[in-house]
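Structure first, commentary second.
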Amino acid sequence: MPELPEVESLIRTLRDGSPALPGRVVMRADIVWDGVLANCCDNVFQASIRNSKFSAINRHGKYLIFALTAPEPPKNIFFLIVHLRMTGRLYLVSQEHALSRFTRISLQLDEGLALRFDDPRKFGRVWLVQNPAEVTFGLGPDALTVDFTYFASCIVEHRRQIKPLLLDQSFVAGIGNIYADECLFRAGINPITLSDALNNKDIERLYTAVIGVLSEAVDTQGANIDGVFKEGRFAVSVYGRTGRPCLVCNTAIAKIRVGQRGTHYCPSCQPLQFNHT
DNA sequence: CACTCTACCTGTGCGC
DNA sequence: TGCGCACAGGTAGAGT
């Protein structure tokens, strides 16, 4: 599942890899499945993006934000927003490369290239907007650069289980199920601890864990999880390791459901200490 | 406000 | 081999 580190990794590949996306011009848009278009119809999408040139690539949480320059003066800037959700994939290939059965959009570019969006589950969406905030207005600050004061005050001002709070994109943007489990493990915090029961030291450890886990995962091009997501080299400690020994204390990793999500943790390293009411 | 459930989807992997 | 089914999870929206 692409989360913040996988999305950031993808941006770097598209921006700095070879071939690179910035500077490429869209010759034609092929919408293979129009359910992927979140805010416009097939015709409008094709007409709007045609002959536009890709420039900056950015990200807010798990949303990819592609700046494009329209061809005719005044050459206004607009944005293609992409959310990969769970199984979306975005990649640059030669136009000769055959479409996969899961290709939903193929953008034909100059220089014989194509930007493909594949998504078996059809959960991923794309938007075309004048301002990225039209899509990202509900998101909290990006998890990689969130500041401690904001982070700490949101935690104590709410009274929610800490894991669902970490997953709440309006609190911080970018953490998904895998990294939520990893961050809580590193911080030694039980996933169902109520947020207002955390003291300053706990919050500091959690903040350090969030920034640390996510930046390490970015540095290693994302997570490496058997059968789930194997693009990168970031080794998970608890996610998907149910029943296997904790890497710190050898206790069997437990799996429970928290807010309808599979949740992995070490009962010994992450004891539930203070959920008084 | 916090929570739970459902819908959206389909590939994968299990038990039988 | 093949069938049925639980499972995976990001997000929105409705309901408790």
Side-chain angles (χ1 to χ4, degrees), chain A residues 1-8 10 31-39 59-65 81-90 99-105 117-127 129 132-140 142-143 153-184 191-198 214 217 222-231 236 238-243 253-265 275-277:
Chain A
M1 332 291 131
E3 300 182 26
L4 185 155
E6 289 77 20
V7 173
E8 178 63 28
L10 169 61
I31 314 299
V32 184
W33 179 66
D34 68 2
V36 74
L37 304 178
N39 74 332
R59 179 186 64 68
H60 187 163
K62 306 168 198 169
Y63 289 79
L64 288 142
I65 303 171
I81 313 280
V82 179
H83 197 303
L84 301 171
R85 292 284 175 90
M86 272 122 57
T87 53
R89 230 166 56 81
L90 207 51
L99 297 193
S100 117
R101 56 187 284 227
F102 304 125
T103 301
R104 308 304 176 196
I105 295 182
F117 176 67
D118 292 4
D119 185 17
R121 300 275 292 273
K122 296 183 171 177
F123 276 19
R125 290 292 181 269
V126 307
W127 294 256
V129 293
E134 292 171 46
V135 177
T136 62
F137 64 93
L139 298 180
D142 191 82
S153 66
C154 283
I155 286 177
V156 297
E157 281 165 16
H158 286 89
R159 183 176 177 77
R160 297 178 61 180
Q161 293 177 327
I162 190 64
K163 176 168 175 183
L165 182 56
L166 281 182
L167 289 173
D168 186 337
Q169 305 296 300
S170 69
F171 163 43
V172 284
I175 302 175
N177 202 41
I178 296 169
Y179 291 104
D181 284 0
E182 294 301 311
C183 293
L184 289 166
I192 68 167
T193 309
L194 293 179
S195 56
D196 69 349
L198 296 175
L214 293 178
N224 183 336
I225 301 166
D226 247 23
V228 181
F229 198 87
K230 296 191 65 156
E231 304 295 310
V236 293
V238 287
Y239 184 85
R241 295 193 65 250
T242 314
I253 298 301
K255 181 174 184 183
I256 58 174
R257 289 193 87 76
V258 179
Q260 280 75 248
R261 306 306 185 80
T263 297
H264 314 74
Y265 73 107
N275 249 6
H276 49 80
T277 51

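Lettering follows sequence order; numbering is per chain, from 1.
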Taking only the side-chain heavy atoms of [X] (C-beta and beyond), determine which of [options] contains the nearest atom.
| X | options | value |
| --- | --- | --- |
| F123(A) | dC9(B), dC3(B), dT11(C) | dC9(B) |
| Y63(A) | dA8(C), dG10(C), dA12(C) | dA12(C) |
| P120(A) | dG11(B), dG10(C), dC9(B) | dG11(B) |
| K122(A) | dC9(B), dC3(B), dA8(C) | dC9(B) |

* E3(A)/K62(A) under salt bridge (Lys or Arg N to Asp or Glu O under 4.0 Å): CA gap, chis, key distance, verdict -> CA-CA 6 Å; E3(A) 300 182 26; K62(A) 306 168 198 169; 5.6 Å; no
Give a yes or no answer on whether the side chain of [X] reaches the backbone of [Y] with a donor-acceptor pair at less than 3.5 Å.
| X | Y | result |
| --- | --- | --- |
| R85(A) | T87(A) | no |
| D119(A) | G124(A) | yes |
| Q161(A) | P191(A) | no |
| H60(A) | I65(A) | no |
| R159(A) | V156(A) | no |

Nearest-Å distance, [atom1] ([X]) to [atom2] ([N])?
| X | N | atom1 | atom2 | value |
| --- | --- | --- | --- | --- |
| I175(A) | dT11(C) | CD1 | C1' | 16 Å |
| D168(A) | dT4(B) | CG | C1' | 15 Å |
| L139(A) | dA12(C) | CG | C1' | 13 Å |
| I192(A) | dA2(B) | CD1 | P | 17 Å |

* Which residue lies more 5' along DNA chain B, comparing F102(A) with R85(A) via nearest heavy atoms -> R85(A)
* Asked: Angle class for the H83(A)/Y63(A) ring planes (parallel below 30°, perpendicular above 60°, tilted otherwise)?
  ->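 It falls in the perpendicular class, over 60°.
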* Asked: For DNA chain C, whose closest nucleotide is more 5', that of Q169(A) or that of R257(A)?
  ->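 Nearest nucleotide further toward 5': that of R257(A).
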Contacts table for residues 162-173 of chain A: side-chain donor-acceptor under 3.5 angstrom, sequence neighbours left out:
unit_1, atom_1, unit_2, atom_2, d
K163(A), NZ, N177(A), OD1, 2.6
K163(A), NZ, D181(A), OD1, 2.7
K163(A), NZ, G262(A), O, 3.2
K163(A), NZ, T263(A), OG1, 2.9
D168(A), OD1, S170(A), N, 2.9
D168(A), OD1, S170(A), OG, 2.7
D168(A), OD2, R160(A), NH1, 2.8
Q169(A), OE1, G174(A), N, 2.8
Q169(A), NE2, L167(A), O, 3.0
Q169(A), NE2, I175(A), O, 3.0

Establish, with yes or no, whether the OP1 or OP2 oxygen of [N] is under 4.0 angstrom from a side-chain nitrogen or oxygen of [X].
| X | N | answer |
| --- | --- | --- |
| H158(A) | dC1(B) | no |
| R159(A) | dC3(B) | no |
| R101(A) | dG11(B) | yes |

Any N/O pairs under 3.5 Å between the protein and nucleotides 5-7 of chain B? List them or say none.
unit_1, atom_1, unit_2, atom_2, d
dC5(B), OP2, Q260(A), OE1, 3.0

* To do: Give one of base, sugar-phosphate or nothing for R160(A), where a contact means two heavy atoms less than 4.0 Å apart.
  =>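 Counting heavy atoms under 4.0 Å across all strands, the contact made by R160(A) is with sugar-phosphate only.
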* Look at all strands and tell whether G124(A) reaches a base, only sugar-phosphate, or nothing, counting heavy atoms closer than 4.0 Å. =>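 No contact.
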Quick test: give all pairs of protein nitrogen or oxygen and nucleotides 14-16 of chain C nitrogen or oxygen below 3.5 Å, distance rounded to 0.1 Å.
none

* Asked: For L84(A) and R89(A), which heavy atoms make the closest approach, and how far apart are they?
  ->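 Taking every non-hydrogen atom into account, CD2-N, 3.9 Å.
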